[in-house]
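Okay, so here's the structure we're looking at.
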Number of protein chains: 2
Amino acid sequence: MTDTDLDDEAKPETRRARQRRELLVEITDEARRLLETGGTAAVSWRAIARAVGLSPASLYTYFDSLDELFTELLLQSYGRLAAAVEAAVGAFADAQPGDRLLVGPLAYRSWALANRGQFNLIFTDQLPGYVAKPGGPTVEAQVAIFRPMIAVLAEHPESDSGQSAVKMPDADREADVGFWAVFHGLTTLEVNHHLDWTDAPQIFETQVRWFIEQRGLPSASEGLVERFTDWSQNT
Amino acid sequence: MTDTDLDDEAKPETRRARQRRELLVEITDEARRLLETGGTAAVSWRAIARAVGLSPASLYTYFDSLDELFTELLLQSYGRLAAAVEAAVGAFADAQPGDRLLVGPLAYRSWALANRGQFNLIFTDQLPGYVAKPGGPTVEAQVAIFRPMIAVLAEHPESDSGQSAVKMPDADREADVGFWAVFHGLTTLEVNHHLDWTDAPQIFETQVRWFIEQRGLPSASEGLVERFTDWSQNT
DNA sequence: CGAGAAATTCGAACACTGTTCGGGTTGATA
DNA sequence: TATCAACCCGAACAGTGTTCGAATTTCTCG
């Protein structure tokens, strides 16, 4: 009954280890599904246990508590959002800076609308217990989301716009946060149905474009939103 | 059975009615306290029952379900935020337009930081059941928050900034939403501890000021943030 | 291979939650 | 005062997270 197969006799993965790894994926997948369909309140041990065919008590072999499961879900959501942004910006690596600067927010918004539960899990405190520790892994995941966009911004440092008589050291960072605030504000409002009475996509494109231009960056090309949409669907 | 009273010796409030009214306030106050201290998960019938000295079952005389209590809390939060913004803008009614336009976001942010639970209850979907009906009372409460700021913006329609060659009818509304997105984005990020690594107040003032100026509006005066802080504390 | 150790699973139980129901008690009304 | 609705409560049901002990399966190593 020993698994002599594979090639040589080195056991890179024991049978238990593989099942544990697969079950971890099943658990988090089901938890994510419940989160997206019914919100955080719908994520329950017993619902997950029914889905994966285990007893609720057995799940404590994989996570010490429900908060730990949410923490894992939170970190995965960070990574997924960062990967979505990075993939989009990377796909338009040859485009002009203005285009690349618009693609980031577009991917940001697109992922958020397709993963509302995870987006809210990231950006609004829903778990009473959890607060981000200063050296914790969430701050790294935080900056990973904006690394691609910051890189583009760094190539055009603050240009001429506004009060740049004296070169303040934090001016660039402040401008970056301001840029973030624009497309994050629009995104979170749309995600939570606070822009249903408007043409949200149109406003998003117009405002982000306007913000980029006012900052003195080269403006994005005309049909970029369509190009992004096409690329997004073929992926 | 016709209530013939109206003016004279009629009992303007029966004893039971007064107690019911007071208990309604006690219930919502305690629910709000629990919401601010422990989030939505901490708001439970039994905790409220312990606080007000009633049985959990008795509370169903006042609300048909916990969702109804949250709906009431949501509507009250809308009203409180709107009142805070309106009071601040009203207190600076004699100031210049740029000042009045900055006071609104300042009050918005200030209230949000002091009432994080209610702010998140308003702007992120936390109750799986509730969605805003098109004619519901939340849309009215929504616009009530921005009525004072929209009024100031309407006095200076879009000015000259940017692409106003042709006068698009929705341009003003889009600009208003863009303005909202800036200070709402910064506020919701700060409320949920995503700007702890920055000088959040400084960024808020700089970015909102910059946005106002780029829109061609008269800039706010120098010590306005201090003036608002003073007014806020003496209220 | 076979014995001991470790990991995994499960059922039962505890404390907590929202909600319903039946029967009392109290207050307003005529 | 008599009636009736409003109010309050205890008990109960179904659901939740979590713990514990025992049974079972799997890995490890002599």
Side-chain angles (χ1 to χ4, degrees), chain A residues 1-6 9-27 30-31 34-35 38-73 126-130, chain B residues 1-6 9-27 30-31 34-35 38-73 126-130:
Chain A
M1 203 56 66
T2 65
D3 42 3
T4 67
D5 34 17
L6 267 273
E9 76 281 64
K11 296 171 293 231
E13 187 167 43
T14 163
R15 185 159 58 194
R16 246 220 260 270
R18 191 196 57 211
Q19 177 147 335
R20 178 180 182 85
R21 185 172 48 79
E22 292 175 354
L23 257 177
L24 269 170
V25 175
E26 279 188 51
I27 291 170
E30 177 64 16
L34 291 170
L35 172 68
T40 60
V43 181
S44 73
W45 274 147
R46 289 179 150 89
I48 298 172
R50 281 189 291 269
V52 304
L54 276 173
S55 164
S58 306
L59 297 173
Y60 281 81
T61 349
Y62 301 90
F63 294 95
D64 284 348
S65 71
L66 200 64
D67 279 306
E68 264 204 17
L69 172 64
F70 273 111
T71 301
E72 175 64 24
L73 231 52
Q126 307 204 23
L127 319 171
Y130 194 79
Chain B
M1 202 55 64
T2 65
D3 37 8
T4 68
D5 27 22
L6 250 278
E9 58 14 305
K11 300 177 281 271
E13 188 167 42
T14 164
R15 184 159 60 193
R16 245 219 261 269
R18 190 195 60 210
Q19 179 148 334
R20 179 180 182 84
R21 185 172 48 80
E22 291 175 353
L23 256 177
L24 269 170
V25 175
E26 278 188 52
I27 292 170
E30 177 65 17
L34 291 169
L35 172 69
T40 60
V43 181
S44 72
W45 273 146
R46 289 180 150 90
I48 298 172
R50 280 190 292 268
V52 304
L54 258 70
S55 164
S58 305
L59 297 173
Y60 281 82
T61 327
Y62 301 91
F63 293 95
D64 284 349
S65 73
L66 201 64
D67 278 306
E68 264 205 17
L69 172 65
F70 272 111
T71 302
E72 175 64 22
L73 231 53
Q126 307 205 21
L127 319 172
Y130 195 79

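We name chains A, B, ... by the order of the sequence lines, and we start the count at 1 in each one.
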Find the distance [X]:[atom1] to [N]:[atom2] and express it as a whole number of Å.
X	N	atom1	atom2	result
A:E13	D:dT26	CD	P	15 Å
B:I27	C:dG18	CD1	P	13 Å
B:R15	D:dC7	CZ	P	14 Å
B:R50	D:dC8	CZ	C1'	18 Å
B:F63	C:dT20	CZ	P	16 Å
A:F70	D:dT18	CZ	P	10 Å
A:L23	C:dA7	CG	C1'	13 Å
B:Y60	C:dG22	OH	P	17 Å

Check: So B:L69 and B:V43, side chain to side chain contact (heavy atoms under 4.5 Å, CB included) or not? Walk me through it.
Finding: CA-CA 10 Å; B:L69 172 65; B:V43 181; 4.3 Å; yes

Next item on the list: Please tell me which of A:A17 and A:V43 maps to the more 5' nucleotide of DNA chain D, matching each residue to the nucleotide holding its nearest heavy atom.
Entry: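 Between the two, 5'-proximity favours A:V43.
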
Check: Looking at CD of B:E13 and CZ of B:R20, how far apart are the two atoms once the value is rounded to the nearest 0.5 Å?
Finding: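 B:E13 atom CD to B:R20 atom CZ measures 12.0 Å (nearest 0.5 Å).
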
Notebook entry, point to check: In Å, rounded to the nearest 0.5 Å, how long is the span from CD1 of B:I27 to CG of B:L73?
Noted result: 11.5 Å

Name the closest nucleotide to the [X] side chain, picking from [options].
X	options	answer
B:L66	C:dT9, C:dT17, C:dT19	C:dT19
A:Y62	D:dC7, C:dT8, D:dT18	C:dT8
B:R16	C:dA28, D:dC27, C:dT9	C:dA28

So does [X] get a side-chain nitrogen or oxygen closer than 4.0 Å to the phosphate oxygens (OP1/OP2) of [N]?
X	N	answer
A:S44	D:dT16	yes
A:R20	C:dA7	no
A:T14	D:dC27	yes
B:W45	C:dT19	yes

Protein-nucleic acid N or O pairs under 3.5 Å, nucleotides 10-12 of chain C:
residue	atom	partner	partner atom	Å
C:dC10	OP2	A:S55	N	2.7
C:dC10	OP2	A:S58	OG	3.0

Check: What pair of heavy atoms forms the shortest contact from A:I48 to A:E30, and how long is it?
Finding: CA-CG, 4.1 Å

Checklist line | Which atom of B:T40 lies closest to which atom of B:F70, heavy atoms considered | finding: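 Reported closest heavy-atom pair: O-CZ, 3.7 Å.
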
Check: A:L59 near the nucleic acid: base, sugar-phosphate alone, or nothing, with a heavy-atom cut-off under 4.0 Å?
Finding: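 If one applies the 4.0 Å heavy-atom cut-off, A:L59 turns out to touch nothing in the nucleic acid.
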
Check: A:T61 near the nucleic acid: base, sugar-phosphate alone, or nothing, with a heavy-atom cut-off under 4.0 Å?
Finding: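 Touches a base.
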
Item checked: Criterion side chain to side chain contact (heavy atoms under 4.5 Å, CB included) on B:L23 and B:L54, from CA distance to verdict -> CA-CA 10 Å; B:L23 256 177; B:L54 258 70; 4.2 Å; yes

Check: Does some side-chain heavy atom of B:E22 sit less than 4.5 Å from a side-chain heavy atom of B:R18?
Finding: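 Counting from C-beta outward, B:R18 and B:E22 do come under 4.5 Å.
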
Margin query: By the side chain to side chain donor-acceptor pair (under 3.5 Å) test, which pairs, at least two apart or in different chains, include something from residues 46-64 of chain A?
Written below: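 Non-adjacent pairs meeting side chain to side chain donor-acceptor pair (under 3.5 Å): A:W45-A:Y60.
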
